[in-house]
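Owing to the predicted nature of the structure, the values given are computational and were not obtained by experimental measurement.
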Amino acid sequence: MEQGIQRALSQLTARQREIFRLHRFQGYHAAEIAQLLQLSEGTVNFQLHKANKKLKEHFKGLLKRTGQFSA
């Protein structure tokens with residue numbers, strides 16, 4: 001499962017991956033990430049949205065290919 005997550009994360013841009021990891025794995029809020037990376041909070045939220053969308057599509061496709069998802 002960890003390898004699958006790493007593969008999915010590799011599909012993200014470097015910036016999306018960095019923001020996603022700070023948010024999901026290290027517990028930073030968007031405002032904190034914005035300050036840390038010297039970005040606007042809107043940019044951080046947009047990148048999180050794009051990352052979540054890509055990851056959702058990746059895992060949805062994976063589940064369809066393995067026959068574990070029917071939608």
Side-chain angles (χ1 to χ4, degrees):
M1 181 173 236
E2 189 173 328
Q3 288 176 345
I5 292 170
Q6 292 303 320
R7 256 181 295 196
L9 290 175
S10 73
Q11 306 272 324
L12 303 177
T13 66
R15 178 55 50 102
Q16 288 171 346
R17 194 168 38 253
E18 179 180 26
I19 291 171
F20 184 84
R21 286 183 175 172
L22 286 169
H23 182 68
R24 294 288 180 195
F25 300 140
Q26 296 182 14
Y28 284 91
H29 295 283
E32 295 169 316
I33 296 169
Q35 185 176 11
L36 183 68
L37 300 179
Q38 297 181 336
L39 300 170
S40 73
E41 191 172 344
T43 296
V44 170
N45 284 323
F46 180 71
Q47 293 300 320
L48 281 171
H49 170 76
K50 298 271 289 185
N52 284 323
K53 185 175 178 180
K54 280 185 183 180
L55 292 172
K56 182 179 177 181
E57 290 171 4
H58 173 83
F59 285 110
K60 188 175 181 181
L62 179 66
L63 290 173
K64 281 184 179 180
R65 285 191 303 274
T66 61
Q68 298 176 20
F69 181 77
S70 57

When every non-hydrogen atom of Arg17 is compared with those of Leu9, the smallest separation belongs to NH1-O, 3.2 Å
Show the nearest heavy-atom pair for residues Phe20 and Leu48, with the distance to one decimal. CA-CD2, 4.0 Å
If you measure from CD1 on Ile5 to CZ on Phe59, what distance do you get to the nearest 0.5 Å? 5.5 Å
Does the side-chain contact (heavy atoms from CB on, under 4.5 Å) test come out yes or no for Leu22 and Val44, once each step is laid out? CA-CA 11 Å; Leu22 286 169; Val44 170; over 6 Å; no
Listed by chain and number, what are the salt bridge (charged side-chain N to carboxylate O under 4.0 Å, His left out) partners of Glu18, not counting sequence neighbours? Arg15
Does Gln11 have more than 12 heavy atoms from other residues, nucleotides or ligands lying within 6.0 Å of its CD? yes
To the nearest 0.5 Å, atom CZ of Arg21 lies from atom CD of Gln16 at 12.5 Å
Return a table of donor-acceptor pairs under 3.5 angstrom between the side chains of residues 24-33 and protein atoms on other chains or two or more places apart.
residue: Glu32; atom: OE1; partner: His29; partner atom: N; Å: 2.7

So if I apply the side chain to side chain contact (heavy atoms under 4.5 Å, CB included) rule between Leu12 and each of His58, Lys50, Lys54, which one comes out positive? Lys54
Which value, rounded to the nearest 0.5 Å, describes the distance between Glu57 atom CD and Asn52 atom CG? 11.0 Å
Please report the interatomic distance CG(Leu37) to OG1(Thr43), rounded to the nearest 0.5 Å. 10.5 Å
